[in-house]
Amino acid sequence: MAVLAGCATQPPCTPSTTLKDAFKNDFLVGTALNESEYEGTDPKAVAIVQQQFNSISPENCLKWESVHPRQGEYDFSDADQYVAFGETNHMFIVGHNLIWHQQTPEWVFQGTNGNTISRDALIARMRDHIFTVVGRYKGRIGGWDVVNEALNEDGTLRTDKWDTIIGDDYVVLAYQFVHEADPGAQLYYNDYSLENKPKRKGAIALIKKLQAAGIPIYAVGLQGHYKMDWPTTGQLNKTIKEFTALGIKVSISELDIDLLPQPSKAQGAEVSMNYKYQAKMNPYANGLPDSKQRALAKRYEKLFKVLVANRQNLQRVTFWGVTDSQSWLNNWPIFGRKSYPLLFGRDYQPKPAFQAVLSAAN
């Protein structure tokens with residue numbers, strides 16, 4: 001891997017221009033943190049976070065199973081460290097996420113006898129969870145992914161346990177509770193593949209429903225789990241403009257670009273997808289060829305040119321991880337592959353894609 005001008009050969013590298021400075025007049029630039037970063041056990045990654053980013057999101061520590069694993073029992077040990085890291089480094093702190101069909105313990109939906117609880121009981125549990133978690137960080141976490149991935153690919157509301165037990169109004173209720181718990185927090189809806197028209201149409205209808213209910217929705221999060229050929233720059237541009245026409249901001253909330261072979265034609269990021277490992281699906285186990293590095297860099301540059309062109313409507317661009325070794329794509333949708341979707345490599349050095357992104361700022 002080529003080392004950029006101005007960088008030492010030993011990690012971590014300190015480039016002469018940082019992401020947060022390059023885009024300081026455009027939008028926030030964030031990254032997702034895991035425990036090794038907010039606990040400080042990976043100092044090289046911590047140095048990159050401090051140098052490059054002005055916003056953070058948590059990979060897992062604020063999800064229901066992490067912070068509220070058992071009924072009546074909360075565990076804020078990791079979440080407190082995450083928030084403290086952001087405050088110490090003067091960063092915009094994102095809360096991710098409150099209501100999701102994944103990583104929510106089964107007890108949430110069950111009574112003492114194991115049977116499904118009533119609508120009123122689940123609403124009460126939702127309210128308790130939101131008021132406890134959001135209330136703890138009131139005035140400290142700047143914005144929340146309130147409801148995450150509520151839509152099917154055709155734009156209809158996902159039939160999960162939240163929807164089945166409470167009904168479609170669970171979405172509005174969740175946002176009402178968060179706004180009551182912290183009126184100053186920004187409210188986001190977060191989902192993948194909104195660049196596809198059917199799902200985008202459903203998300204627009206959902207946001208209009210929230211607005212009609214008096215919810216001050218601030219932004220939609222396009223997760224940005226992109227491929228080398230999807231979405232097109234035209235799709236991304238159109239998506240941003242259609243959402244901002246609603247009077248809200250757009251964030252790219254979980255950005256990475258997967259250049260590994262895909263086991264299906266799915267363009268989403270459904271975490272339950274799981275395919276058997278095959279060596280042919282892991283072609284870069286020994287490193288990424290220079291030609292692929294250049295292709296990844298060009299892809300990032302084209303996407304960021306669209307983002308810069310829409311900068312007045314963007315709140316934030318957040319990368320889903322700091323280095324390639326941290327990326328969830330090493331184990332999804334096939335466990336045990338070597339993925340290369342981010343701007344910093346396993347050696348903590350900036351990749352050619354890093355410089356390509358900076359060039360888009362210019």
Side-chain donor or acceptor of Arg125 paired with backbone N/O of Val108 under 3.5 Å =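 Yes, because the side chain of Arg125 sits within donor-acceptor range (under 3.5 Å) of the backbone of Val108.
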Tyr175 side chain vs Pro216 backbone, donor-acceptor pair below 3.5 Å =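 Checked: no pair found.
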Side chains of [X] and [Y]: donor-acceptor distance under 3.5 Å anywhere?
X      : Y      : answer
Gln103 : Asn60  : yes
Arg316 : Thr318 : yes
Tyr340 : Asn330 : no

Does the side chain to side chain contact (heavy atoms under 4.5 Å, CB included) test come out yes or no for Phe304 and Phe23, once each step is laid out?
-> CA-CA 11 Å; Phe304 262 81; Phe23 296 99; 3.7 Å; yes
Distance-minimising heavy-atom pair for [X] and [Y]:
X      : Y      : answer
Tyr300 : Asp256 : OH-CA, 3.7 Å
Ser253 : Gln223 : OG-CA, 3.3 Å
Trp320 : Pro58  : CH2-O, 3.8 Å

What do you reckon, is [atom1] of [X] surrounded by more than 12 foreign heavy atoms closer than 6.0 Å?
X      : atom1 : result
Asn286 : CG    : no
Lys238 : NZ    : no
Lys24  : NZ    : no
Lys305 : NZ    : no

Output field: ring centroids [X]/[Y] closer than 6.0 Å:
X      : Y      : result
Trp162 : His101 : no
Tyr277 : Phe335 : no
His225 : Trp332 : no

4.5 Å side-chain heavy-atom contact, Tyr188 and Ser251 =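 Contact flag for Tyr188/Ser251 side chains = no.
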Taking the side chain as C-beta and beyond, is there a heavy-atom pair between Asn148 and Asp191 under 4.5 Å?
-> no
Is the cationic atom of [X] (NZ for Lys, CZ for Arg) positioned less than 6.0 Å from the six-membered ring centroid of [Y] and within 45 degrees of its normal?
X      : Y      : value
Arg136 : Phe76  : yes
Lys199 : Tyr192 : yes
Arg127 : Phe131 : yes

Hydrophobic cluster membership, Ile93 vs Phe319, 4.5 Å side-chain cutoff = yes
Between [Y] and [X], does any NZ, NE, NH1 or NH2 come within less than 4.0 Å of an OD or OE carboxylate oxygen?
X      : Y      : result
Asp324 : Lys351 : yes
Lys201 : Asp154 : no
Arg311 : Asp26  : yes
Arg158 : Glu270 : yes
Glu195 : Arg200 : no

Side chain to side chain contact (heavy atoms under 4.5 Å, CB included) between Tyr38 and Val83, intermediate numbers included | CA-CA 8 Å; Tyr38 54 72; Val83 173; over 6 Å; no
Could you go through the side chain to side chain contact (heavy atoms under 4.5 Å, CB included) check for Val317 and Leu28 one step at a time?
-> CA-CA 6 Å; Val317 177; Leu28 295 170; over 6 Å; no
Which one of Tyr218, Phe27, Phe243 satisfies the side chain to side chain contact (heavy atoms under 4.5 Å, CB included) criterion with Lys249?
-> Tyr218
Any chance you could lay out the ring-ring contact (aromatic ring centres under 6.0 Å, His included) test for Trp107 and His68, step after step, and finish with the verdict?
-> CA-CA 10 Å; Trp107 71 260; His68 195 181; 4.9 Å; yes
